[in-house]
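Below you'll find the structure, written out as C-alpha cells, and then a few comments.
Every chain is numbered from 1, with letters handed out A, B, ... down the list of sequences. Everything numeric here is computed off the predicted structure, so don't read it as measured data.
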Amino acid sequence: MLFSRTLIPTLKETPSEAEAVSHKLLLRAGMIRKLASGIYNYLPLGLKVLRKVERIVREEMDRSGALEVLLPAVQPSELWEESGRWDVYGKELLRFMDRHERQYCFGPTHEEIITDLVRKEVHSYRQMPLNLYQIQVKFRDEIRPRFGLIRGREFIMKDAYSFDVDEAGAEACYQRMYDAYNRIFARCGLNFKVVEADSGPIGGSFSHEFMVLADTGEDLLASCTACDYAANLEKAEVVLQAGKPGAAVGKAPEPLLTPNVRTVEEVAAFLKVTPADIVKTLIYETDTGPVAILIRGDHEVNEIKVKNLLGVTDLILAGLIRVQELTGAEVGFAGPVGLKLPIYADQAVAGLAAMITGANRDNYHLKNVHPGRDFKITEAADLRSITAQDPCPRCGGALTLLRGIEVGHIFKLGLKYSKALRATYLDQDGKEQLIYMGCYGIGVSRIVAAAIEQGHDDHGIVFPMALAPFQVCLIPIAVNDPVVWECVERLHAELEAQGVEVLLDDRDERPGVKFKDCDLLGLPLRVVVGAKTLAQDAAEVRHRSSPNNLMVPLKDLIPYLKGQIAQELHG
RNA sequence: CGGGACGUGGCUCAGCCUGGUAGAGCACAGCGUUCGGGACGCUGGGGUCGGAGGUUCAAAUCCUCUCGUCCCGACCA
C-alpha cells in the first residue's frame with residue numbers, strides 16, 4: 001500500500017476533546033474521527049486494526065465450534081416485552097418508532113433475538129449443544145460516553161449464545177468459551193487477567209470478566225499474590241475477620257455532643273477514637289422503599305452487594321431533605337437507634353459490641369450502642385468492598401488492587417431467557433424441557449483502544465504485531481532519488497507478493513516527517529532505504545519497541561522481516 | 001441526572017474583563033530553496049465567532065434562552 005494513495009490524516013496536535021491516551025492516539029494517528037458523542041467513524045487504518053481483532057475472534061470462535069450468524073440491529077419491542085426487559089432496561093435502550101408507529105429499539109445485546117430464533121428452529125435434544133455468535137454493531141445510550149472507543153455508545157461487539165440440554169452441557173460450553181477467550185486475548189498481545197465477576201442485570205448465576213491491565217482502566221480488581229484468585233472489586237467476597245472483643249454489654253447508650261461534626265474523620269478526631277470504632281449509617285432509596293445500611297467507619301459500602309442482597313435494581317443515596325425526613329436529623333447524624341427503616345448491616349458491624357453512631361438528632365452521636373439490644377438488624381451480610389488489607393478469600397494470602405479495562409465477559413445464564421420466552425426442546429423421552437443458556441461477550445472495538453492503552457510511548461502507538469494495521473513501514477530517504485526509489489518499489493512489490501503487510505511511505509516529505517508518522521502509527525517494523533544504506537547494499541531495520549537500528553543486507557531483508565513477523569505472531 | 005469547564009477557518013489557541021476593521025501557529029494550494037527525527041521564504045484560498053432572541057448608533061465581546069462537546073460521580077463490552 002502506498003501512503004499517498006490511502007487516507008491517513010495524522011495530526012501533530014491532540015484534539016482538545018480527548019483525554020485518554022488511546023483516544024488521543026487514535027485521533028492523532030488518523031484512525032478514528034468523532035461524529036457525535038460516543039459515535040465514531042473508522043478511517044482505513046482504524047478499520048484495518050478492527051478487522052485484525054475480528055479475525056482473531058472469528059478464528060477462535062470457529063475453532064471452539066461456535067457458528068457465526070448475523071442478527072438484526074433493529075429489534076421489535078414485542079420480544080423485549082416478552083422477556084420483561086422493555087420496562088427494566090432503562091434509558092440505555094435506544095427506542096424509536098417506525099412509520100406505522102410500531103416500537104423498536106436498536107439492539108444493545110441480543111438475548112431476546114437469539115432465544116426467539118432458537119425456540120423457533122431448535123426442537124430436539126439432537127440439535128444441541130449449539131453455540132451461535134455474531135460480530136456486530138451495538139448501541140447503548142450510555143449515561144456518559146468517554147475515552148473514545150473505550151466507552152462509546154455505538155460499538156462493535158462479538159456476542160455468543162450457547163444452548164444446551166442440561167447444566168453439565170452448559171458448563172462444558174462455558175469452559176470452552178473460557179479457554180477460547182484466553183486464546184483470543186493472548187493472540188491479541190494483551191496483558192490481561194481473568195476475574196470473577198458480578199453477573200449484573202443480564203442475570204445468571206456465574207460469570208467471569210477478562211480485564212486488560214491498565215492504570216487508566218475504569219474497573220478495580222482484587223488479585224491474590226499467593227494463589228490464582230482474582231475478582232472484580234464489585235464481586236470480591238470479604239472474609240469476616242475475628243473482631244476485637246468489644247466493651248461488655250450492659251452500659252446504656254450515651255449521647256455525646258458533637259457540634260457540627262459529621263464525617264467519620266471529623267467524629268473520630270473529635271472523640272479521639274479510630275474510624276473503626278464508628279459505624280456510619282447510610283440512607284438509600286430503593287425500588288421497594290428507603291433502607292439504612294450500616295458500615296464500619298473505615299470501610300466502603302459496596303452498592304452491588306447491597307443491590308444483590310435486597311434484590312433491587314435501583315439504589316440511590318437519599319438526598320439531604322429525604323435524610324432529614326427519615327432520621328429527624330441533618331446528614332451526618334443518622335444512626336440506627338430508633339430508626340424506623342429496615343436496617344442492613346455489614347457483617348463487621350454486626351459483631352461490634354459497643355459502637356459509636358449518629359443519634360438521629362442534630363449535633364449528637366451515641367456511644368455504647370449495642371446491636372440487638374438498642375436496635376434490630378434486619379439482616380447482616382457482606383456489604384462492603386474488599387481492600388488491599390483484607391486477606392484473599394480463598395487462601396488467606398495478601399491481595400493487590402489493580403485497574404483494568406473489561407474486554408470480555410462470560411455468563412452462565414441458566415434458564416432465565418428460555419423460561420421467559422419458552423425456548424424448549426423434547427428430550428429422549430419425548431418430554432418438553434427448557435434449554436440451558438450461556439452468553440459470552442467481547443468488546444471488539446474496545447480491544448483496539450485497550451491495546452493502545454497498554455502499548456504506547458511518547459512517540460505514539462506501539463502495536464503488537466497481531467493488531468498492527470501494517471506489519472512493515474518502508475521509508476525511502478528522498479523519493480526522487482531514482483536508485484532509492486527503484487529499490488523500495490521492488491521491495492514493496494516483493495513483500496506484498498509474499499503476504500507481508502507493508503506501507504510504503506512514498507510521500508515527498510522530509511525523513512523526519514515520515515519517522516514521526518511511522519512511530520505515531522505504531523507499525524512494528526520500520527525499514528529505511530537511502531543512499532547511505534544502499535552504499536552498503538543494505539537497509540536499516542528498526543523495531544518500534546526498540547531504540548536500536550540494525551543494518552540488514554538487501555538480499556537477506558525479506559526473509560529477515562518474515563522471520564520477525566512469524567516469531568511475533570506465533571511466539 | 002447532579003457538579004465543573006468549554007464552543008472563534010480542518011487542528012491548537014489568542015481576542016471577550018474594558019463593545020468600534022476577526023487574528024496567530026499548524027494544516028491546505030502555487031513557486032523557489034532545502035532533504036536521516038515534524039525545514040524555510042514569498043504568494044494565496046478558507047471563518048454568518050455553535051444557534052436564537054435582546055441591549056446598543058455599533059456585539060466574537062454585555063444579558064437571556066437554547067444546542068453541542070469534554071471532565072468528575074451512578075451503567076457496561
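Of the side-chain N and O atoms in A/Arg146, one or more sit less than 4.0 angstrom from OP1 or OP2 of B/C72. Between A/Arg28 and B/G38 there is no side-chain polar atom (N or O) within less than 4.0 angstrom of OP1 or OP2. Applying the 4.0 Å criterion to OP1 and OP2 of B/C75, one finds that A/Lys307 has a side-chain N or O inside that range. Neither OP1 nor OP2 of B/C6 sits under 4.0 Å from any side-chain N or O of A/Ser16. A close approach under 4.0 Å does occur between a side-chain nitrogen or oxygen of A/Arg144 and OP1 or OP2 of B/C71. Contact check, A/Lys514 against B/G38: no side-chain N or O comes under 4.0 Å of OP1 or OP2.
The gap from the P atom of B/G53 to that of B/U61 amounts to 14 Å, rounded to the nearest Å.
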Between the protein and nucleotides 31-34 of chain B, which nitrogen or oxygen pairs come in under 3.5 angstrom?
from, atom 1, to, atom 2, distance (Å)
B/U34, O2, A/Arg510, NH1, 2.8

Below 3.5 Å is the cut-off: list the nitrogen or oxygen pairs between protein and nucleotides 43-45 of chain B, distance only.
none

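None of A/Asn232, A/Asn302, A/Asn308 except one satisfies the side chain to side chain donor-acceptor pair (under 3.5 Å) rule with A/Asp198; the exception is A/Asn308. Applying side chain to side chain donor-acceptor pair (under 3.5 Å) to A/Asp159 and the options A/Lys138, A/His409, A/Gln136 leaves one that passes, A/Lys138.
Within the structure, salt bridge (charged side-chain N to carboxylate O under 4.0 Å, His left out) contacts touching residues 9-28 of chain A (residues at least two apart or in different chains) are A/Glu17-A/Lys34. The ring-ring contact (aromatic ring centres under 6.0 Å, His included) contacts involving residues 5-37 of chain A comprise A/His23-A/Tyr40, where partners must be two or more places apart or lie in separate chains.
Applying the 3.5 Å distance criterion, the base of B/G25 shares a donor-acceptor pair with the side chain of A/Glu13.
Under the salt bridge (Lys or Arg N to Asp or Glu O under 4.0 Å) criterion, A/Glu234 pairs with no residue, sequence neighbours left out. A/Phe192 meets the ring pair (Phe, Tyr, Trp, His ring centres under 6.0 Å) test with A/Phe185; sequence neighbours excluded.
Distance alone, capped at 3.5 Å, is enough to place a donor-acceptor pair between the A/Asp346 side chain and the A/Leu383 backbone.
Taking a centre distance below 5.5 Å and an interplanar angle below 30 degrees as the stacking criterion, A/Phe515 does not stack against the six-membered base ring of B/G36.
When both pairing distances are held under 3.5 Å, B/C1 makes a Watson-Crick or G-U pair with B/G73.
Counting any heavy atom pair closer than 4.0 Å across all strands shown, A/Glu540 reaches a base atom.
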